[in-house]
Amino acid sequence: MKYRMLFLFTCNLFLLSGCAIKEQTPTSFSTDSHAMLLYPQRVDALTLSFVEKNIAQKDFTYRYYKPWYKTHLTHQKEDASWANKSYGIKGRYYGENLQPIGNDEVDALIKSTNFEAYGSVNAYAMMIHNEQMRNLPTHKPFFKKTTLPGEGYPFDYLQTSQIHIAEPIFVSHYSHDGAWAYVESSFAAGWIPSHSFIWLEAMERTAILHAPKIAIIKDNVPLYNAKQHFISYAKVGALFPLEGEDENFYHAFIYTKDVTDKAYKITLFIPKSFAKPSPLAFSKENVAQLSSTLLGEKYGWGGYLQNRDCSAMTRDFLAPFGVWIPRNSAAQKSFGEYISLKDLSPKEKEAMILKHGIAFLSLIYLKGHIMLYAGEAQEKPLVMHNVWGVKTLENGKEGRDIIGKAVITDLYVGANQPNVPEASLLINRVEGILVKPTYATRNNLVSKYPSVKTINDNSVYFMDGSTLPYDDKKEKSFDELLENADIEDIFFQKYPAFSPITPPALNDDPGRFRNDAFLKKLYGASKKEIEKNLTEVIWLPNHGAKKLKFNQNENASAQLQKVSDELDRLPEKYMKYLKNPAGTYAYRPIAGTSRLSAHSYGIAIDLETSYSRYWRWDKTYTFHNEFPKEIIDIFEKHGFVWGGRWYHYDTMHFEYRPELFESID
């Protein structure tokens, strides 16, 4: 491998390169912005007194990879299909030729969205290159009439956002022709071309989630595989899982498609001058480096032409530091400690920003625009923002002095221009400051259980309006965790999905800490109610097709059916372990206790007893397992914990506990 040649080749090729509510574009405009830019377009002076700190969110990985943690779509079909109504209006939109888009073309496009199939795929994937996410399945633009104030290029109403290579997505369904897929990312939902992603199974996703990450620190970094074949470009904001490194290169990995559209792993060799381990330290050097990369980038409405708008710039700037924020300006300003500056004078606003702002972390908000607070110069707050232009007024006609790129300004940008009215100045339109983005909180209960709405104020809120306490704030011994676990205690130990089979450590029993009130809420409060929720799972359809009773709530029976169908495809040598399961539903306490077993709720299955080992039978805690790992992996990929992962082992036992997995199929 000629790393040196690749490094030089990469360096020679290296190129420097939507907000929530669109402000109006001009009916007339100037393209000379230099007169308005009164400050040096670099951050050196602003970081002289910078104090290094750690700002990474504890659960940044969970936020960034959230599509892989969920088991169901976030939005209802009616909400997800909003664009069909908004952009299905006849005679309102104009195409790339600036002529009205024909009614037949609009009708065909709306029909192609195939929302009757919403949620029919529900599968996990990874982006294999950068892509534009769209509100409808087409790259064709939808402009409003360009002679109207505030309309025309570059404001294509179908543009949602750019999505990075290697980002996780959750796929809902395909367009009628299969060319596009409707997906949810961690920050937006919309349409992307079907060729832009690859399906990944739970084991592949788990390996990515557990791997250390590197963050790209320069824009348009070319990516090459081991044979020096170009793969794609990467921009600031992209993260890659890491499998190794040498003196000059990080060895990152992604998955891509083979000739049969199956996923296969490739290694990317990324020069160390273009990436750093994530999260980056929030230091003077790193802030300066990322700022210099983003400053000067052309404005890109909703990621148009793979450029950034205001909220994409703030989002991508903070991501390498381990700070996740939502995509658009209105959502970003609500994501943490927000101080309203409404009804304050310009001087009072400036004083509040200088008092509370954290340079290169705080966000300053006005309707339709968001800016990164960049520190102080001459007792004025400065901001770094990617902005289209400054409103002007000449002879009664509204226009723009175009800036069209990422710049450093104060909040009076344009005040030195005679055609910029005072009301248009940023300082007069600023509404508040987000002092610090919130720490993300991992919430696998919400992601994995459809009936759980949210967790707030130490309570679990269910879709029916009821609640349960989350954390009783008590320290507990191992025995107390078994007997009186609160809901938070469920997560006391980490379940080692897909790991090698080894004897568990003393009292390492992830999944044995159960909260009965929570299970009763999910699956039934009494024997009668539980039995009402039972349905039949066809076990091994081609190998006996036994009918097993399992709880249909929370997708439990559907997940066991997936397990069964996949086990059914294994070679014959595995069937001896599977054909005669010992049982599923049985309303009874756990042996030696008064607590209801998982079998009582209809969420557990025991396999063939002649191959099993159970700690109460063995009495010596001598761990031994006969079940093949291929079988265990299939259960785990669909959200079932295995009793062989417990110190108090029960190797025939599998129990549906999706909250203990980062990602399941």
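- Between Asp316 and Arg308 there is a salt bridge, since a side-chain N of the basic residue sits under 4.0 Å from a carboxylate O of the acidic one.
- Here the CZ atom belonging to Phe274 is positioned 11.5 Å from the CG atom belonging to Asp219, to the nearest 0.5 angstrom.
- A distance-only check finds a donor-acceptor pair linking the side chain of Asn114 to the backbone of Tyr174 [under 3.5 Å].
- For Lys347, the side-chain contact (heavy atoms from CB on, under 4.5 Å) partners are Ser345, Glu350, not counting sequence neighbours.
- Between Tyr299 and Trp388, the angle of the ring planes lies from 30° to 60°, which puts this pair in the tilted group.
- Donor-acceptor pairing under 3.5 Å is lacking for the side chains of Arg134 and Thr160.
- Proximity of Leu239 to Tyr64: side-chain heavy atoms (C-beta onward) are separated by under 4.5 Å at one or more points.
- The distance from atom OG of Ser278 to atom CD1 of Ile217, rounded to the nearest 0.5 Å, is 11.5 Å.
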Exercise for the section: Evaluate side chain to side chain contact (heavy atoms under 4.5 Å, CB included) for Gln41 paired with Val407, printing each intermediate quantity in order. Expected result: CA-CA 6 Å; Gln41 296 303 298; Val407 293; 3.4 Å; yes

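- Lys77 is linked by a salt bridge (charged side-chain N to carboxylate O under 4.0 Å, His left out) to nothing, counting only residues two or more places apart in sequence or in another chain.
- A donor atom on one side chain and an acceptor atom on the other are not found under 3.5 Å apart for Arg63 and Gln57.
- Side-chain N or O atoms of Glu662 include none that pairs as donor or acceptor with a backbone N or O of Leu209 at under 3.5 Å.
- Taking 4.5 Å as the limit, some side-chain heavy atom of Leu223 sits within range of a side-chain heavy atom of Phe240.
- Not a single salt bridge (charged side-chain N to carboxylate O under 4.0 Å, His left out) links Lys111 to another residue, sequence neighbours left out.
- With sequence neighbours excluded, the residues satisfying side-chain contact (heavy atoms from CB on, under 4.5 Å) with Pro193 are Glu131, His139, Trp180, His195, Ser196.
- A side-chain donor-acceptor contact under 3.5 Å links Asn286 and Lys276.
- The closest donor-acceptor contact from the side chain of Tyr87 to the backbone of Tyr157 lies under 3.5 Å.
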Problem - Test side chain to side chain contact (heavy atoms under 4.5 Å, CB included) applied to Leu290 and Lys218, step by step - result: CA-CA 7 Å; Leu290 287 172; Lys218 293 184 179 178; over 6 Å; no

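- Aromatic rings of Tyr124 and Phe170 (six-membered ring for Trp) have centroids within the 6.0 Å cut-off, being under it.
- Remark: Asn395 CG is loosely packed, at most 12 non-hydrogen atoms of other residues, nucleotides or ligands lying under 6.0 Å away.
- Within the structure, salt bridge (charged side-chain N to carboxylate O under 4.0 Å, His left out) pairs that include any residue of residues 406-422 comprise Lys380-Asp410 (at least two apart or interchain).
- Checking side-chain atoms of Ser175 against main-chain N and O of Thr113 turns up no donor-acceptor pair under 3.5 Å.
- Using a distance-only test at 3.5 Å, with no hydrogens or angles considered, a donor-acceptor pair links the side chain of Asn328 to the main chain of Ala330.
- Counting heavy atoms from C-beta outward, Trp191 and Asn135 have side chains that stay 4.5 Å or more apart.
- Counting only N and O atoms by type, the side chains of Asn84 and Ser81 include no donor and acceptor under 3.5 Å apart.
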Practice task
Tell me, with the steps shown, if Tyr69 and Asn444 meet side chain to side chain contact (heavy atoms under 4.5 Å, CB included).
Solution key: CA-CA 7 Å; Tyr69 285 84; Asn444 235 8; 3.5 Å; yes

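- Counting only heavy atoms from C-beta outward, the side chains of Val236 and Phe317 never approach each other to under 4.5 Å.
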All N/O donor-acceptor pairs, side-chain side in residues 453-463, below 3.5 Å, sequence neighbours left out:
residue : atom : partner : partner atom : Å
Asn458  : OD1  : Asp471  : N            : 3.1
Asn458  : ND2  : Asp471  : O            : 2.9

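- For Phe187 and Trp324, the gap between ring centers reaches or exceeds 6.0 Å.
- In summary, the side chains of His173 and Asn122 do not present any donor paired with an acceptor at a separation below 3.5 Å, with no hydrogens or angles considered.
- Every residue two or more places apart in sequence or in another chain that forms a salt bridge (charged side-chain N to carboxylate O under 4.0 Å, His left out) with Lys140 is listed here: Glu96.
- Legend: residues meeting side chain to side chain donor-acceptor pair (under 3.5 Å) with Thr409, ordered by chain and number and at least two apart, are His385.
- Side chain of Thr438 to main chain of Gly336: no donor-acceptor pair is present (N/O by atom type, distance under 3.5 Å, no hydrogens or angles).
- Screening residues 40-50 for salt bridge (charged side-chain N to carboxylate O under 4.0 Å, His left out), with sequence neighbours left out, gives no hits.
- Checking side-chain atoms of Ser311 against main-chain N and O of Arg327 turns up a donor-acceptor pair under 3.5 Å.
- Glu376 places no side-chain N or O within donor-acceptor distance of the main-chain N or O of Pro381, the cut-off being under 3.5 Å.
- When every heavy atom of Ile254 is checked against every heavy atom of Ala166, the shortest pair comes out as CG2-CB, 4.1 Å.
- Ile165 has its side chain out of reach of Ile128: every pair of non-hydrogen atoms, C-beta onward, lies at least 4.5 Å apart.
- The shortest side-chain heavy-atom distance between Asp401 and Gln417 falls under the 4.5 Å cut-off.
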When the side chains of residues 352-363 are checked against the rest of the protein, which donor-acceptor pairs come out under 3.5 Å, sequence neighbours left out?
residue : atom : partner : partner atom : Å
Ser362  : OG   : Ile358  : N            : 2.7
Ser362  : OG   : Val435  : O            : 2.6

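- Contact check on Asp104 versus Lys90 returns no salt bridge, with no Lys/Arg side-chain nitrogen under 4.0 Å from an Asp/Glu carboxylate oxygen.
- With Phe50 as the aromatic partner, Lys53 meets the cation-pi criteria of under 6.0 angstrom to the ring centre and within 45 degrees of the ring axis.
- Tyr65 has its ring centre less than 6.0 Å from the ring centre of Trp68.
- With rounding to the nearest 0.5 angstrom, the CG atom of Leu372 is 10.0 Å from the CD atom of Gln332.
- Within the structure, every pair that satisfies the salt bridge (charged side-chain N to carboxylate O under 4.0 Å, His left out) test and touches residues 64-73, not counting sequence neighbours, is listed here: Lys70-Glu184.
- The backbone N or O of Ala288 sits nowhere less than 3.5 Å from a side-chain atom of Ser291 that would complete a donor-acceptor pair.
- Scored by the side-chain contact (heavy atoms from CB on, under 4.5 Å) test, Pro100 finds Tyr94 as partners (sequence neighbours excluded).
- A heavy-atom distance below 4.5 Å is found between the side chains of Gln159 and Gln132.
- No side-chain donor from either of Ser185 and Glu167 sits under 3.5 Å from a side-chain acceptor of the other.
- At a cut-off of 3.5 Å, with distance as the only test, a side-chain donor of Ser447 or Tyr62 sits close to an acceptor on the other residue.
- Between Val383 and Val413 the shortest side-chain heavy-atom distance does not fall below 4.5 Å.
- Remark: the backbone N or O of Glu431 is not paired with any side-chain donor or acceptor of Lys333 at under 3.5 angstrom.
- The two atoms that bring Pro437 and Leu318 nearest to each other are CG-CD1, 4.3 Å, heavy atoms only.
- In Asp79, the CG atom is crowded: over 12 heavy atoms of neighbouring residues, nucleotides or ligands sit closer than 6.0 Å.
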